[in-house]
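Model, not experiment: these values are computed from the prediction.
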Amino acid sequence: MPPLRDEMVAVRRYVELLSRHRGGADARPIARIQAALVTSGLLRRSAELHDALIRALAGSGTPHAALPLYAHLIRAGLLPTPHTLPSLLKSLALSPAVPGARRLALAVHAHAVRLGLTGFLLVNNALIRVHAGLLGRLPDAHLLLRASAAVDASTFNTLITAHARAGRVADARSLFDEMPERNAVSWSAMVNGYVQAGDGREALGVFSQMQAQGVRPDDTVLVGVLAACAQLGALEQGKWVHGYLRANNIRITVFLGTALVDMYAKCGEVQLGMEVFEGMKDKNVLAWTTMIKGLAMHGRGSDSLTLFSQMESSGVKPDDIAFIGALCACTHTGLVDKGRELFNSMVSNYGIKPKIEHYGCMVDLLARNGLLSEARDMVEKMPMKPDALIWGALMAGCRFHKNVELAEYVIKHWIELEPDKSGAYVLLGNIYSASGRHASARELRHLMREKGVEKTPGCSNVEIKGVIHQFIVGDLSHPRIKDILTKWYEIDSRIRLEEGYVPDKKEVLLDIEEEEMEGALSRHSEKLAIAFALISTDDYMPIRIVKNLRVCQDCHHVTKLISKIYGREIIVRDRTRFHLFKDGTCSCKDYW
């Protein structure tokens, strides 16, 4: 057999051998093959072997090891092929921390242009991916898309995902609508893009469009849909997804199971979440943490901490997020000593350095339980600069315990971080009003006006027969608004006559007359949502509301009265926790 033919056979054998190791996390077999190729001299004579090595390393646990091979290829006087560059660019995208990665990406792009390789679809897609991701140059990625001789779904999917991650979901949607053909990845990218942007309604709208076109959803889409249901409190739609999984005998992976647990917990059915959790064959630390946090937000702190101990006993090592869940459980249950113990054990038992989120949990725990001096001391001694959430937690404690002096100290620091947001001003105004300092509250309102600070409008969602209805404070645009207001006037009359209700105007931070204050309170979003639910559902059905802000004191009191008079169970999830109203009581007994 002639030597040249021997070499060709050897090359094919090594290419086949490398293909077997593609996608494996262990790069050591690939390294041994590379050493043999270098020693034999085969590597410096074959672009095909460079391709195979780069491809294998790109799919391994050490993709950066592929980068020096490109320089070796060029020094050997060989030319990259259309198969070389996609794998090399993938390695670059997976190795952003490698020094010179960005420079090399630009050099590879220049080589592709010079060698006329940009006309190949896979090369062009890889270039778009590296510009949109590693280089962070979305406009350049757009130019490449527009100049492409050929595009496919992968081209668009890359840009849709990149725009969504950059918070430019409207641009992502424009690209999605422009696509000539979509695949499951396209739908998943758009659904999850909306979820990341906090727009669950649009995510479910895209999913409905997907179903109408007969596209079968994959796990990634369904996880995104469940996350959207969790955002909105859309229990019926979340249950539909669960039923779809059962009806189609789809194996509930750890990711689907965790998404189901999260959906049920955030939709007010934490016990159904627990049933899913207990039925999961595989549970990773995220699954445990999701269930721990779900129990905590429902005020079941003791159960949450018990589950945390079970996780430790099962051999699953808690991570920093798991400790956030456990600390939240302590906050909702008022277990200050247990919180301190957990906080200290992070470092001593697990070597986890507390992050700002853990300090936030501790400040919240201490402040809620009246230990305001200790909470302030922790804020001042933190190893990192406190953020707005830290100051907000301390301010919430000031409101709860009516500590005006500390609140005025907090607001000076808080508004430096968020000068254009209303949270700090509103909480301080509420503290002034609750303390009888109405003149100070009015002065604060004037200051807000001078600075152009607008209060974030309250927004409440309620799901009726699988459809999400959204109510915004003072908004009268709902198609059934006349019926809703008629029902509200009935509710208002009954709670006044039967329960002696008097509106609590302390938290109406407005310069308006007394009568107008009552009108402003009556148009709070959760009251409109509850009135709509009462005229739209059967008497025995629970009412579930999701609100973007903390429930105000008046709405909290009114909801208790409605649950008593109408005999309805009302579950409200606000920014801080769940409130279960039943027979005139609320599960959060310490809330006020």
Side-chain angles (χ1 to χ4, degrees), residues 191 194-195 198-208 211 217 221-247 250 252 256-280 287 290-291 293-300 459-471 525-526 528-548 551 559 562-563 566 568-582 586-588:
V191 167
Y194 276 123
V195 169
D199 196 343
R201 293 183 79 188
E202 284 294 339
L204 294 182
V206 171
F207 182 61
S208 296
Q211 289 178 291
V221 172
L222 293 174
V223 167
V225 170
L226 287 168
C229 293
Q231 285 181 0
L232 298 168
L235 177 64
E236 293 308 312
Q237 295 190 55
K239 281 184 172 179
W240 181 91
V241 174
H242 197 179
Y244 176 87
L245 294 171
R246 288 170 172 158
I250 297 173
I252 296 182
L256 278 170
T258 302
L260 281 167
V261 169
D262 187 54
M263 181 276 295
Y264 278 126
K266 289 179 178 173
C267 289
E269 290 286 355
V270 70
Q271 198 55 43
L272 290 178
M274 179 61 86
E275 289 174 14
V276 172
F277 177 78
E278 290 175 343
M280 290 171 62
T290 301
M291 193 68 251
K293 292 174 74 174
L295 290 166
M297 76 168 66
H298 281 269
R300 293 173 57 177
C459 174
S460 296
N461 293 323
V462 59
E463 184 186 31
I464 305 294
K465 297 178 181 177
V467 178
I468 298 296
H469 296 263
Q470 187 175 80
F471 295 87
S525 61
E526 59 268 55
L528 296 175
I530 291 171
F532 177 62
L534 286 172
I535 64 174
S536 305
T537 58
D538 294 328
D539 290 344
Y540 63 87
M541 291 180 65
I543 296 171
R544 293 181 174 83
I545 309 290
V546 175
K547 186 175 182 185
N548 64 329
V551 174
T559 307
I562 293 172
S563 72
Y566 289 87
R568 299 293 288 272
E569 184 177 289
I570 304 172
I571 303 111
V572 180
R573 186 185 100 206
D574 70 5
R575 192 180 61 190
T576 59
R577 64 170 72 187
F578 268 91
H579 310 271
L580 171 59
F581 299 92
K582 189 175 182 180
C586 180
S587 58
C588 51

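Residues Val546 and Asp574 fail the side-chain proximity criterion, which asks for heavy atoms closer than 4.5 Å. Looking at heavy atoms from C-beta onward, Leu534 lies in side-chain contact with Ile562 at the 4.5 angstrom threshold. Taking the side chain as every heavy atom from C-beta outward, Phe578 and Val270 never approach each other to under 4.5 Å. At least one side-chain heavy atom of Val462 sits less than 4.5 Å from a side-chain heavy atom of Ile464. Side-chain contact check for Cys586 versus His579: some heavy-atom pair is nearer than 4.5 Å. Contact check for Lys547 versus Glu526: side-chain heavy atoms found under the 4.5 Å cut-off.
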Ile571 and Ile543: side-chain contact (heavy atoms from CB on, under 4.5 Å), yes or no, with the steps? CA-CA 6 Å; Ile571 303 111; Ile543 296 171; over 6 Å; no
side-chain contact (heavy atoms from CB on, under 4.5 Å), that's the test. Do Leu245 and Leu260 meet it? Break it down for me. CA-CA 11 Å; Leu245 294 171; Leu260 281 167; 4.0 Å; yes
Between Lys465 and Thr537, is the side-chain contact (heavy atoms from CB on, under 4.5 Å) condition met? List the steps. CA-CA 9 Å; Lys465 297 178 181 177; Thr537 58; over 6 Å; no
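In terms of heavy-atom proximity, Ala234 sits nearest to Cys267 at N-SG, 3.7 Å. Nearest heavy atom pair, residue Arg575 against residue Asn548, reads CB-O, 3.7 Å. The two residues Gly238 and Leu226 come nearest to each other via the heavy atoms O-CD2, 4.0 Å. What you find for Ala529 and Ile545 is that their closest heavy atoms are CB-CD1, 3.6 Å. Taking each heavy atom of Val191 and Val221 in turn, the nearest pair found is CG1-O, 4.2 Å.
Scored by the salt bridge (Lys or Arg N to Asp or Glu O under 4.0 Å) test, Glu236 finds no partners at all (sequence neighbours excluded). Legend: residues meeting side chain to side chain donor-acceptor pair (under 3.5 Å) with Thr258, ordered by chain and number and at least two apart, are absent. Partners of Tyr244 under the ring-ring contact (aromatic ring centres under 6.0 Å, His included) rule, at least two apart in sequence or in another chain, are Trp240. Partners of Phe471 according to the ring-ring contact (aromatic ring centres under 6.0 Å, His included) rule, which considers only residues two or more places apart in sequence or in another chain, are His478, Phe532. With sequence neighbours excluded, the residues satisfying side chain to side chain donor-acceptor pair (under 3.5 Å) with Ser460 are Ser525. Residues passing the salt bridge (Lys or Arg N to Asp or Glu O under 4.0 Å) test with Glu463: none are found, sequence neighbours excluded. With sequence neighbours left out, Gln237 forms a side chain to side chain donor-acceptor pair (under 3.5 Å) with no residue at all. Every residue meeting the side-chain contact (heavy atoms from CB on, under 4.5 Å) condition with Ala227, not counting sequence neighbours, appears here in chain and number order: Val195. For Arg568, the salt bridge (Lys or Arg N to Asp or Glu O under 4.0 Å) criterion is met by no residue, not counting sequence neighbours.
With rounding to the nearest 0.5 angstrom, the CG atom of Leu272 is 7.5 Å from the CG atom of Leu235. The CD atom of Gln271 sits 8.0 Å away from atom CG of Leu295, with the distance rounded to the nearest 0.5 Å. The distance from atom CZ of Arg573 to atom NE2 of His298, rounded to the nearest 0.5 Å, is 9.0 Å. Once rounded to the nearest 0.5 Å, the distance linking NE2 of His469 with CG of Leu232 reads 12.5 Å.
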Would you be so kind as to tabulate the donor-acceptor pairs closer than 3.5 Å made by side chains of residues 198-205, with sequence neighbours excluded?
unit_1 : atom_1 : unit_2 : atom_2 : d
Asp199 : OD1    : Glu202 : N      : 3.3

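Sorted by first and then second residue, the pairs that involve residues 259-269 and meet side-chain hydrogen bond (donor to acceptor under 3.5 Å, both in side chains), not counting sequence neighbours, are His242-Tyr264, Asp262-Lys266, Glu269-Arg544.
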